[in-house]
Structures are given as structure tokens and as C-alpha cells.
Engineer: 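Below: one structure in C-alpha cells.
The figures that follow rest on heavy atoms only: side chains count, while hydrogens, waters and symmetry mates do not.
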Amino acid sequence: MYANNEIGVIQNIPEIGKIAKAKGVLVHTDGTQAAGKVPVNVIKDNIDLMSLSGHKLYGPKGVGALYVRRKSPRVHNHRADGWRRSRAGHAFPAL
């Protein structure tokens with residue numbers, strides 16, 4: 001969680017990202033509370049994956065976004081069948 005709306009803590013994501021990158025670990029953060037309120041730069045902060053929830057950004061409920069880094073390091077989709085599911089509970093189409 002980049003920023004906590006209940007207690008006001010802003011995590012030191014740039015430092016966490018730097019440490020994780022040095023160890024070869026991918027970084028995911030929930031950036032919903034931080035987006036639009038504090039400067040967020042996924043490149044400088046070494047964020048590989050960041051999720052956002054639409055209803056906290058004046059969007060409709062149930063809508064969100066997932067940032068996935070494509071370069072250095074590239075985050076791969078390791079699903080063998082190549083299908084991407086939009087959310088839990090959706091069935092795969094019949095083959």
C-alpha cells in the first residue's frame with residue numbers, strides 16, 4: 001500500500017523498490033490512495049505492478065486498473081494457455 005487513508009502513512013516505496021530491485025524481487029503496490037494526491041512515478045519508484053481502484057478516483061464501483069511493467073525487468077504472463085482473466089469468477093470460454 002503506497003499510502004494509507006486511515007492513519008495517513010505514506011510508505012517509502014522508492015527505497016523499498018530500490019532494495020527489491022537489487023535482490024531481483026518484483027514490487028507490487030496498491031496505489032489507489034496515493035494516485036492524484038502524492039507524486040507517483042512507477043519508473044523512479046521501481047514499481048513493477050501497481051493496482052488502482054476506480055471508485056476511489058471518482059470512477060464507477062467495480063472498475064480498476066493494473067499497471068504491469070513491460071521493460072527492465074519485464075513482467076511475464078506465465079499462464080500456459082495464454083488466456084487472461086479480467087477478474088476472479090469468470091469462466092474460460094468453451095474450446
Side-chain angles (χ1 to χ4, degrees):
M1 180 180 287
Y2 204 117
N4 187 308
N5 66 319
E6 293 180 5
I7 59 176
V9 173
I10 299 174
Q11 301 296 333
N12 191 357
I13 296 296
E15 185 64 26
I16 294 169
K18 188 168 89 176
I19 294 167
K21 187 174 184 178
K23 299 287 184 179
V25 177
L26 297 178
V27 174
H28 170 264
T29 187
D30 179 350
T32 302
Q33 299 298 336
K37 296 169 186 76
V38 297
V40 176
N41 185 325
V42 294
I43 304 299
K44 290 181 182 176
D45 295 348
N46 293 308
I47 297 171
D48 300 302
L49 301 146
M50 184 166 70
S51 54
L52 302 161
S53 179
H55 74 280
K56 295 284 188 173
L57 304 169
Y58 305 105
K61 287 184 179 180
V63 175
L66 175 65
Y67 164 80
V68 179
R69 181 185 297 269
R70 291 183 164 237
K71 296 181 180 177
S72 72
R74 182 177 177 148
V75 177
H76 297 282
N77 178 9
H78 292 289
R79 295 194 53 125
D81 55 11
W83 287 94
R84 289 185 179 194
R85 294 172 65 166
S86 60
R87 67 177 200 182
H90 284 200
F92 287 106
L95 297 176

Engineer: Quick one: does Arg69's side chain have a donor or acceptor within less than 3.5 Å of a partner on Leu49's backbone?
Structural biologist: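 No; zero donor-acceptor contacts below 3.5 Å.
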Engineer: Please tell me whether Met1 and Ile16 are part of a single hydrophobic cluster in this structure, the criterion being side-chain heavy atoms less than 4.5 Å apart.
Structural biologist: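 Not linked; separate clusters.
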Engineer: What is the minimum heavy-atom distance between Gly17 and Val27, and which atoms define it?
Structural biologist: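 Taking Gly17 first and Val27 second, the nearest heavy atoms are CA-CG2, 4.0 Å.
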Engineer: To the nearest 0.5 Å, tell me how far Glu6 CD sits from Gln33 CD.
Structural biologist: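 That separation rounds to 8.5 Å.
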Engineer: side-chain hydrogen bond (donor to acceptor under 3.5 Å, both in side chains): which pairs involve residues 34-46, sequence neighbours left out?
Structural biologist: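 Sorted result for residues 34-46: Tyr2-Asp45.
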Engineer: Group every Ile, Leu, Val, Met, Phe, Trp and Tyr by side-chain heavy-atom contacts under 4.5 Å, then state whether Val38 and Met50 land in the same group.
Structural biologist: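 Linked, Val38 and Met50 end up in one cluster.
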Engineer: Nearest 0.5 Å, please: how far is CG in Asp30 from CG in Asn4?
Structural biologist: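 So the gap between those two atoms works out to 10.0 Å.
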Engineer: Do any N or O atoms from the side chain of Thr32 and from the backbone of Ser53 form a donor-acceptor pair under 3.5 angstrom?
Structural biologist: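 At least one qualifying donor-acceptor pair exists.
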Engineer: How far apart are the closest heavy atoms of His28 and Ser51, and which atoms are they?
Structural biologist: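 So the two residues come closest at NE2-OG, 3.2 Å.
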Engineer: My understanding is that a hydrophobic cluster links ILVMFWY residues whose side chain heavy atoms are under 4.5 Å apart, including indirect links. Using that, what else belongs to the cluster containing Val9?
Structural biologist: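 Other cluster members: Ile7.
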Engineer: Would you kindly confirm whether Val42 and Ile10 end up in one hydrophobic cluster when ILVMFWY residues are joined by side chain heavy atoms under 4.5 Å apart?
Structural biologist: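 Same cluster.
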Engineer: Looking at OH of Tyr67 and CG of Leu52, how far apart are the two atoms once the value is rounded to the nearest 0.5 Å?
Structural biologist: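 The CG atom of Leu52 is 11.5 Å from OH of Tyr67, to the nearest 0.5 Å.
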Engineer: Roughly how far apart are Thr29 OG1 and Ile13 CD1, rounded to 0.5 Å?
Structural biologist: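 Atom-to-atom, Thr29:OG1 and Ile13:CD1 are 4.0 Å apart.
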Engineer: Looking only at heavy atoms, which two atoms of Val40 and Ala34 are closest? And how far apart?
Structural biologist: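 Nearest heavy atoms, Val40 then Ala34: CG2-CB, 4.0 Å.
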Engineer: Let's go through Lys18 and Lys21 carefully: what are the C-alpha distance in whole Å and the side-chain angles of both, what is the deciding distance for side-chain contact (heavy atoms from CB on, under 4.5 Å) to 0.1 Å, and is it a yes or a no?
Structural biologist: CA-CA 5 Å; Lys18 188 168 89 176; Lys21 187 174 184 178; 5.9 Å; no
